[in-house]
Protein chains: 2
Amino acid sequence: MSAEADPITDELSELVFQVAGRLRGGFNAAAAELGLPPAQALLLANLSAPTPMRELAVWLSCEPSNVTGIVDGLERRGLVARRPYPADRRVKYVVLTEEGERGRAELRARSQAQARALFASLDADKEHLRDLLAAVVAGAPAPDEAQIPRR
Amino acid sequence: MSAEADPITDELSELVFQVAGRLRGGFNAAAAELGLPPAQALLLANLSAPTPMRELAVWLSCEPSNVTGIVDGLERRGLVARRPYPADRRVKYVVLTEEGERGRAELRARSQAQARALFASLDADKEHLRDLLAAVVAGAPAPDEAQIPRR
DNA sequence: TATTGTTATACTCTATAACTATA
DNA sequence: TATAGTTATAGAGTATAACAATA
C-alpha cells in the first residue's frame, strides 16, 4: 500500500509535529531567558519533590550517566542540591533549593504563557482536543514506558 | 499567576508531547530499520522533487552548512545525487536516485504504519482531531518566520 | 553478585565563521 | 558586494563501557 493510501494519518502526524515543535520552541525560549540549556530546564520543570538520580533518568528517557552532567549544571547554578539517602548510601536524592523553587515557578509560568497563547484560539474546544489526545495515548500500546509522567 | 491556574493548558502540552514522542519514536525506528540516522531519514522522507540545498535547510530548520553533511550521507548510500543547475552554477539540486525512490517509499510506508496504529483507536474522530490541530496551527502566530522566505 | 552514581569516551546533531565559486 | 555551497570547528545531547562504593 502506498503512502498516499491514508492521507488522514499523514495530516495528523504533520500537525502533531507542528504543534509539538511550537510548544518545544516556546519552552526552550523560556529556558534560554533564564539562562538554562533545554535538558537542564526540562529536569528543573519536572522536579517537584526529592528524587533519586536513577528515577530522573527514567523521566528524561536517557541513560543515568547523562543525568550526572545535567544535575551538575543545575547544582552549579544553585538550583538543586544532592542529598544523601541514609537508608541506602549508594543513592543520592536531588532536591530543589529555594532559588530552584523560584526558578522552576518562573520557568513553568513562562512556558505555560506561551502554551496558553498557542491554544488560545480553541476556546471551549480545548477540552475536546484534550480528550481526543488522551484517547490516542490511552488507545495505543506504549512503545516503551519512559514518558515524563507527573508534575 | 501560578502554574496551576490553567490546568487544561498543562494537560494539552503534556499530551501533545506524548503523542509527538511516540510518532518520532516510530519514525526513528523505521529509519533505523533502513540503516538511516534520523536527520538523513527526515530529509529523504520529505524529498519528493529536485530541490536546492538552500531550500532543504529551510525545510529542516537548520543551517545550510549542516545540509552538506546530511546530503553527503544520503549520497554515500546511493539514495540521492547532486545535480548542477545551469541557470545559476552556484546552485546544486538534490535529486532522488532510483534506489532513493524505493528507500523513500519504504521509509514512508513503515513510519506511516506506526502512525496509523497510534491513531487507530480514534476511528471516525480522526478528522475531528485533525481539524482541532489545524485550528491551533492556523490560529497561533508563527514563532519564527520560517515560512517560504523568498524566491 | 547486583546496583547507584560517576568517569571517560565516542558519535550524532547543530551553530558559527571563514573559504570558494559564482553572480 | 552578495549568494550557494563547503569546510573547519565547537558545543550540546546522548549512548556505551569501566569503575568505586555500597548493598
Side-chain angles (χ1 to χ4, degrees), chain A residues 21 24-25 27-29 31-32 34-47 50-77 80-95 144 146 148, chain B residues 21 24-25 27-29 31-32 34-47 50-77 80-95 144 146 149-151:
Chain A
R24 184 169 31 77
F27 181 83
N28 290 347
L34 300 178
L36 290 173
Q40 289 181 34
L42 198 59
L43 183 46
L44 182 66
N46 286 284
L47 188 68
T51 307
M53 306 278 292
R54 210 74 182 185
E55 195 173 334
L56 296 179
V58 177
W59 288 8
L60 298 177
S61 303
C62 72
E63 295 301 310
S65 59
N66 297 316
V67 178
T68 298
I70 297 171
V71 171
D72 282 349
L74 289 170
E75 198 168 33
R76 238 181 284 117
R77 296 167 202 269
V80 307
R82 285 170 164 94
R83 187 175 288 172
Y85 180 59
D88 183 342
R89 280 153 56 202
R90 294 173 303 181
V91 176
K92 293 175 190 170
Y93 271 68
V94 179
V95 302
D144 50 45
I148 304 174
Chain B
R24 184 169 32 76
F27 181 82
N28 290 347
L34 300 178
L36 290 173
Q40 290 181 33
L42 198 59
L43 184 46
L44 182 66
N46 286 286
L47 188 67
T51 308
M53 306 277 293
R54 212 73 182 187
E55 195 173 333
L56 296 178
V58 177
W59 288 7
L60 298 178
S61 301
C62 72
E63 294 300 311
S65 60
N66 296 318
V67 178
T68 298
I70 296 172
V71 172
D72 282 349
L74 288 170
E75 199 169 33
R76 239 180 286 117
R77 298 168 201 269
V80 306
R82 287 168 163 94
R83 188 176 288 173
Y85 179 60
D88 183 342
R89 278 152 56 204
R90 296 172 301 180
V91 176
K92 293 175 190 171
Y93 272 68
V94 179
V95 303
D144 50 46
R150 74 178 133 276
R151 177 185 294 244

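Chain letters run A, B, ... following the sequence lines, proteins first and then strands; every chain starts at 1.
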Hey, what are the protein-to-nucleotides 20-23 of chain D N/O distances that come in under 3.5 Å?
| residue | atom | partner | partner atom | Å |
| --- | --- | --- | --- | --- |
| D:dA23 | OP1 | A:R89 | N | 3.0 |

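- For the atom pair CD (A:E55) and OH (A:Y93), the distance works out to 7.5 Å, reported to the nearest 0.5 Å.
- Here the P atom of nucleotide C:dA15 and the CG atom of A:N28 are 12 Å apart, to the nearest Å.
- For A:R83 and C:dG5, the shortest distance from a side-chain N or O to OP1 or OP2 is not below 4.0 Å.
- Spacing between atom OH of A:Y93 and atom C1' of C:dT4 amounts to 12 Å, rounded to whole angstrom units.
- Residue A:L36 contributes atom CG, which lies 11 Å from atom P of D:dG13 at whole-angstrom precision.
- Of all the residues in residues 62-74 of chain A, A:C62, A:E63, A:S65, A:N66 reach under 4.0 Å from DNA chain D with at least one non-hydrogen atom.
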Tell me which donor-acceptor pairs under 3.5 Å the side chains of residues 66-75 of chain A have, and how far apart each pair is, sequence neighbours excluded?
| residue | atom | partner | partner atom | Å |
| --- | --- | --- | --- | --- |
| A:D72 | OD1 | A:R82 | NH1 | 3.0 |
| A:D72 | OD1 | A:R82 | NH2 | 3.0 |
| A:E75 | OE1 | A:R82 | NH1 | 2.6 |
| A:E75 | OE2 | A:R82 | N | 3.3 |

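- The distance from atom CE of B:M53 to atom P of C:dT22 is 16 Å, rounded to the nearest whole Å.
- The side chain to side chain contact (heavy atoms under 4.5 Å, CB included) check on B:A81 picks up B:V95, B:T97, with sequence neighbours excluded.
- Sorted by first and then second residue, the salt bridge (Lys or Arg N to Asp or Glu O under 4.0 Å) pairs with a member in residues 61-71 of chain A form an empty list; sequence neighbours excluded.
- If you check C:dG5, D:dG13, D:dG5 against the side chain of B:P52, the one that comes closest is D:dG5.
- Atom NZ of B:K92 and atom C1' of C:dT20 are 10 Å apart (whole Å).
- When the nucleotides C:dT4, D:dG13, C:dT14 are ranked by their closest atom to the side chain of A:A39, D:dG13 comes out on top.
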Give the table of side-chain donor-acceptor pairs shorter than 3.5 Å for residues 34-47 of chain B, with sequence neighbours excluded, one pair per line with atom names and distance.
| residue | atom | partner | partner atom | Å |
| --- | --- | --- | --- | --- |
| B:Q40 | OE1 | B:R77 | NE | 2.9 |
| B:N46 | ND2 | B:L42 | O | 2.7 |

